[in-house]
Amino acid sequence: MNESIPNPRPSWDEYFLEIARVVGRRGTCDRGMIGVVIVRDKRILATGYVGSPVGLLHCDEVGHQMKKVTHEDGNVSQHCMRTSHAELNAICNAARYGIAIDGATFYGKFEPCHTCAKALINAGVKRVVCEKQYHAATDTRKLFEQAGIELVVVTPVVEEYPNQ
């Protein structure tokens, strides 16, 4: 073994974010290809990726089911309604198999949406680590602050994707 080469081991946050990236490759909606990992005590409890409910057709098979949302500031965003977000799928996967995620850390590509943030709070997640910001996460940040959830955004830039 060569002693002069330093060990390039990733930090725990880097390690779990990389696993979340791989999980995201299973996604069936190409809008973001988000994967998430829920971890406690350095052990993976559950994973989730963007996809349709079990047994229903996926965007990859029949296309997106796009809806426009008009926000109170007048901005309009587009969302695919065929799929469930990776965060909800991970929480549901944990529930389905009786895995408590209270006190866990959540890892994902970017900040959760407002709805997923509320679900993470109610599920007892205490820390959220994301690669980037989400364009519609202002309310998420407020919720996490009010709930005492630590939010770590590794690269504080907004994630860009088509038809945002």
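- Between S77 and H135 the shortest side-chain heavy-atom distance falls below 4.5 Å.
- Among residue pairs with one or both ends in residues 50-70, those qualifying as side chain to side chain donor-acceptor pair (under 3.5 Å) are T28-H58, D30-H64; sequence neighbours excluded.
- Residues I91 and L143 fall within the same hydrophobic cluster, defined by Ile, Leu, Val, Met, Phe, Trp and Tyr side chains chained together at heavy-atom separations under 4.5 Å.
- One N or O on the side chain of E14 and one on the backbone of S11 form a donor-acceptor pair closer than 3.5 Å.
- Applying the ring-ring contact (aromatic ring centres under 6.0 Å, His included) rule to pairs touching residues 11-30 yields W12-Y15, W12-F16, F16-Y107, sequence neighbours excluded.
- A search for side-chain hydrogen bond (donor to acceptor under 3.5 Å, both in side chains) contacts involving E18 returns R21, not counting sequence neighbours.
- Put simply, SG on C29 and NE2 on H79 are 12.0 Å apart, with the number rounded to the nearest 0.5 Å.
- Sorted by first and then second residue, the side chain to side chain donor-acceptor pair (under 3.5 Å) pairs with a member in residues 85-94 form an empty list; sequence neighbours excluded.
- L151 and L17 end up in different hydrophobic clusters when Ile, Leu, Val, Met, Phe, Trp and Tyr side chains are linked at under 4.5 Å.
- Here L56 sits alone; no ILVMFWY side chain lies under 4.5 Å from its own, so it joins no hydrophobic cluster.
- Applying the 4.5 Å side-chain rule to ILVMFWY residues, one finds that V54 remains a lone member of its cluster.
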Contacts table for residues 110-127: side-chain donor-acceptor under 3.5 angstrom, sequence neighbours left out:
residue	atom	partner	partner atom	Å
E111	OE1	Y134	N	2.8
E111	OE1	R141	NH2	2.9
E111	OE2	R141	NE	2.8
R127	NE	E150	OE1	3.3
R127	NH1	D13	OD1	3.1
R127	NH2	D13	OD2	2.8

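- Contact of the V50 side chain with the S84 side chain is not registered, since no non-hydrogen atoms from C-beta on lie closer than 4.5 Å.
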Got a list of side-chain donor-acceptor pairs under 3.5 Å for residues 32-49, not counting sequence neighbours?
residue	atom	partner	partner atom	Å
R40	NH1	A100	O	3.0
R40	NH1	D102	O	3.0
R40	NH2	A100	O	3.4

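- Contact annotation: the side chain of V128 approaches that of I149 to within less than 4.5 Å [non-hydrogen atoms, C-beta and beyond].
- Residue M81 shares its hydrophobic cluster (ILVMFWY side chains chained together at separations under 4.5 Å) with no other residue.
- Hydrophobic side-chain contacts under 4.5 Å tie V62 into a cluster, directly or through other members, with L57.
- Looking at heavy atoms from C-beta onward, V153 lies out of side-chain contact with T155 at the 4.5 angstrom threshold.
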